[in-house]
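Take a look at the structure set out below.
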Amino acid sequence: MKDVLSPEHFNLTLVNWASKYGRHDLPWQQHPTPYSVHVSEIMLQQTQVTTVIEYFKRWMSAFPNLLALANADEDEVMSHWQGLGYYSRARNLQKAARYLVDEFSGHYPRTLKQIEQIPGVGRYTAGAIVSFAYNERGPIVDGNVRRLFCRYFAIEGVPSTTEVNNKLWQYAEHYTLAKNCRAYAQSLLDMGAMICTPKSPDCPNCPINDSCQAYQTDRVAQLPTPKPKKHTPTKIGQFLWIEQNNQLYLQKRPAPGIWAGLWCLPQLDTEQIREVAPSQRKGTFKHVFSHYKLDAEVLNANSTEQLSGQFFSPKQIVSLGLPTPIRKFIGKHLANTK
DNA sequence: TAAACGTGGAC
DNA sequence: TGTCCAAGTTT
């Protein structure tokens, strides 16, 4: 069996492959700055490229630079993130902008260690910013690299365990050179997205298949080792529909917690949940999260006593940041909010 | 270490 | 319809 390539040979082979077959037209690849790379990398966390593209364009128009984001209203920020999910990313992005303005005069630091101190920026994102914005050496391990390396080096074990994760970062450190930095990082992502895919990888067209340890031993389909899946519980939710003069009562969701920072129908906490007659019911909806399912009903109510929210007109609601299922429900039940 | 944290695309 | 899982980070 052929051994794995040296870091030098590996780098050159992938960069050469990506120059022909890689992605070069993504919006964030056109004029990369530390800020635009930062924004795109946060948006791309656990989110598909096709989903991010329009959000990225709108965000860069609304908040073209660090200062604009630092000075923006939080509701304005959240409304531009609505529908993208994992909303702490948006709040951390603004926190990061304020941190960089306050501590670094609005200029990004240059070193990996400093960049990793930015709120919401972990080891992967720090490496990506250094690679893509500065074209300097910044090792990365994301889902693409994890899959590619687990197969190429035939790494057994669940990747999220400390042992395997450490091994992956060791390979990343060893195989990331101080040359072709931007092109090499991008080639890893492109390989993971276009060749070394989760299902039906395109091994015949892989530029390094003859030295891939999994391919040589027919274990591509078994690597990376799948994570044992766990049962997702179903939670019951009750929300209040309080409408006066065609205005709707909404509350801002607290952090931490689901939908933090978004505006939502008031939700009864677990102790307040009660049986209700069908006549009180405005409607129901179901929603699936990554870690549980939500069965919800929306109850008609009149009083806003004890509640800390405010009324909004349909026109105001349209430009607010709302959770996706709540926005859908409101759109169905309140005029002029679609 | 494991759970929390959203949503939608792909099959 | 259900399942996987996508350029992860925080607590």
Side-chain angles (χ1 to χ4, degrees), chain A residues 22-23 26-29 32 36-56 78 81-93 95-96 115-133 138-148 158-166 168-169 172 182 185-194 196-200 224 226-233 235 253-262 264 286-294 321-328:
Chain A
R23 296 169 293 185
L26 297 171
W28 44 88
Q29 293 179 311
S36 69
V37 171
H38 183 190
V39 170
S40 65
E41 288 303 332
I42 300 297
M43 286 188 172
L44 285 160
Q45 290 172 5
Q46 303 294 282
T47 310
Q48 295 189 353
V49 167
T50 53
T51 302
V52 167
I53 290 176
E54 289 309 311
Y55 280 91
F56 176 78
M78 298 312 292
W81 205 273
Q82 75 146 356
L84 202 50
Y86 287 151
Y87 297 96
S88 67
R89 292 184 295 172
R91 291 179 292 109
N92 279 149
L93 203 40
K95 192 184 294 181
I115 291 173
E116 215 179 326
Q117 302 309 307
I118 298 171
V121 175
R123 193 172 179 180
Y124 163 77
T125 303
I129 290 173
V130 168
S131 299
F132 295 130
I140 54 171
V141 175
D142 77 323
N144 292 298
V145 176
R146 192 153 48 237
R147 198 164 52 246
L148 180 67
V158 176
S160 60
T161 62
T162 302
E163 183 187 350
V164 175
N165 191 48
N166 287 344
L168 285 165
W169 277 102
R182 177 184 291 130
Q186 187 62 50
S187 76
L188 290 174
L189 304 183
D190 288 345
M191 279 287 291
M194 304 168 71
C196 202
T197 53
K199 294 161 197 167
S200 332
K227 189 176 185 171
K229 53 175 171 284
K230 63 192 108 187
H231 180 70
T232 62
K235 296 187 181 183
R253 306 270 309 190
I258 198 78
W259 296 334
L262 298 183
C264 187
K286 293 176 187 293
H287 190 66
V288 179
F289 295 102
S290 47
H291 47 310
Y292 63 90
K293 295 172 188 154
L294 177 66
L322 270 60
T324 295
I326 298 294
R327 175 168 295 288
K328 286 180 181 168

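Computation of the quantities below employed the complete heavy-atom set of this structure, encompassing side-chain atoms and omitting hydrogens, waters and symmetry-equivalent molecules. Lettering of chains follows the sequences in order, A, B, ..., and the numbering in each one begins at 1. Given the structure is predicted, the values throughout are model-derived calculations rather than measurements.
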Run the side-chain contact (heavy atoms from CB on, under 4.5 Å) check on A:R23 and A:Q186 step by step: do they pass?
CA-CA 8 Å; A:R23 296 169 293 185; A:Q186 187 62 50; 4.1 Å; yes
Assess whether side-chain hydrogen bond (donor to acceptor under 3.5 Å, both in side chains) is satisfied between A:Q82 and A:R327, documenting all intermediate values.
CA-CA 10 Å; A:Q82 75 146 356; A:R327 175 168 295 288; 2.9 Å; yes
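Nucleic acid contact class of A:G192 (heavy atoms, under 4.0 Å, all strands): none. Counting non-hydrogen atoms under 4.0 angstrom, A:L93 reaches nothing in the nucleic acid. In this structure, A:E163 reaches neither bases nor backbone, as no heavy-atom distance under 4.0 Å exists between it and the strands shown. Using a 4.0 Å heavy-atom criterion, one finds that A:L84 contacts the bases of the nucleic acid, with or without backbone contacts as well. Note on A:P224: nothing from the nucleic acid sits closer than 4.0 angstrom, heavy atoms only. Using a 4.0 Å heavy-atom distance criterion, A:V288 is classed as a base contact.
Remark: C1' of C:dG2 and NZ of A:K286 are 15 Å apart, rounded to the nearest angstrom. At whole-Å resolution of the value, CZ in A:F132 and P in C:dA7 are 12 Å apart. Rounded to whole Å, atom P of B:dG8 lies 11 Å from atom CZ of A:F289. Atom P of nucleotide C:dG8 and atom CZ of A:R91 are separated by 19 Å, given to the nearest angstrom. A straight line from CG of A:N165 to C1' of C:dT9 spans 13 Å, rounded to a whole angstrom. Taking atom NZ of residue A:K235 and atom P of nucleotide B:dG6, one finds them 12 Å apart after rounding to whole Å. Residue A:Q117 contributes atom CD, which lies 13 Å from atom C1' of C:dT9 at whole-angstrom precision. Spacing between atom CD1 of A:I258 and atom C1' of B:dA3 amounts to 12 Å, rounded to whole angstrom units.
Remark: the separation of the P atoms in C:dC5 and B:dC5 is 22 Å, to the nearest Å. Comparing the same atom, C1', in C:dT9 and in B:dG9 gives a spacing of 23 Å after rounding to whole Å. For the P atom pair drawn from B:dC11 and C:dA7, the interatomic distance equals 14 Å after rounding to whole Å.
Checking B:dT7, B:dG6, B:dG9 against the side-chain heavy atoms of A:P323 singles out B:dT7 as nearest. Side-chain atoms of A:Y124 lie closest to C:dG8 of the nucleotides C:dT10, B:dA3, C:dG8. Among C:dA7, B:dT7, B:dG6, the nucleotide with an atom closest to any side-chain atom of A:V49 is C:dA7. Closest contact between the side chain of A:E41 and the listed nucleotides C:dA7, B:dA3, B:dG8 involves C:dA7. When distances run from any side-chain atom of A:Y86 to the nucleotides C:dG8, B:dG8, C:dA7, the shortest one goes to C:dG8.
Under 4.0 angstrom from either OP1 or OP2 of C:dT9 there lies at least one side-chain N or O belonging to A:T125. For B:dG6, the OP1/OP2 oxygens have no side-chain nitrogen or oxygen of A:H291 closer than 4.0 Å. Look at A:Y87 and you'll find a side-chain N or O under 4.0 angstrom from OP1 or OP2 of B:dT7. Contact annotation: A:W169 side-chain N/O to C:dG8 OP1/OP2 distance is not under 4.0 Å.
The base of B:dG6 sits with one of its N or O atoms less than 3.5 Å from a complementary donor or acceptor on the side chain of A:T47.
A:R89 places a side-chain N or O within 3.5 Å of a backbone atom of A:L84 that can act as its donor or acceptor partner. At distances below 3.5 Å, not a single donor-acceptor pair connects side-chain atoms of A:E41 with backbone N or O atoms of A:I129. One N or O on the side chain of A:R147 and one on the backbone of A:C196 form a donor-acceptor pair closer than 3.5 Å. Looking at A:R253, its side chain never comes within 3.5 Å of a backbone N or O of A:G261 through a donor-acceptor pair. A side-chain donor-acceptor contact under 3.5 Å links A:S40 to the backbone of A:S36.
Both A:T161 and A:Q45 lie near DNA chain B, and the one whose nearest nucleotide falls closer to the 5' end is A:T161. DNA chain C is contacted by both A:N92 and A:W28; A:W28 maps to the nucleotide lying nearer its 5′ end (nearest heavy atom per residue).
Considering only residues two or more places apart in sequence or on other chains, A:T232 meets the side-chain contact (heavy atoms from CB on, under 4.5 Å) condition with A:K293.
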Scan nucleotides 3-5 of chain C against the protein and return all N/O pairs shorter than 3.5 Å with their distances rounded to 0.1 Å.
{"unit_1": "C:dC4", "atom_1": "OP1", "unit_2": "A:K229", "atom_2": "NZ", "d": "2.8"}

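The aromatic rings of A:F289 and A:Y292 are tilted relative to each other, their planes meeting at an angle between 30° and 60°.
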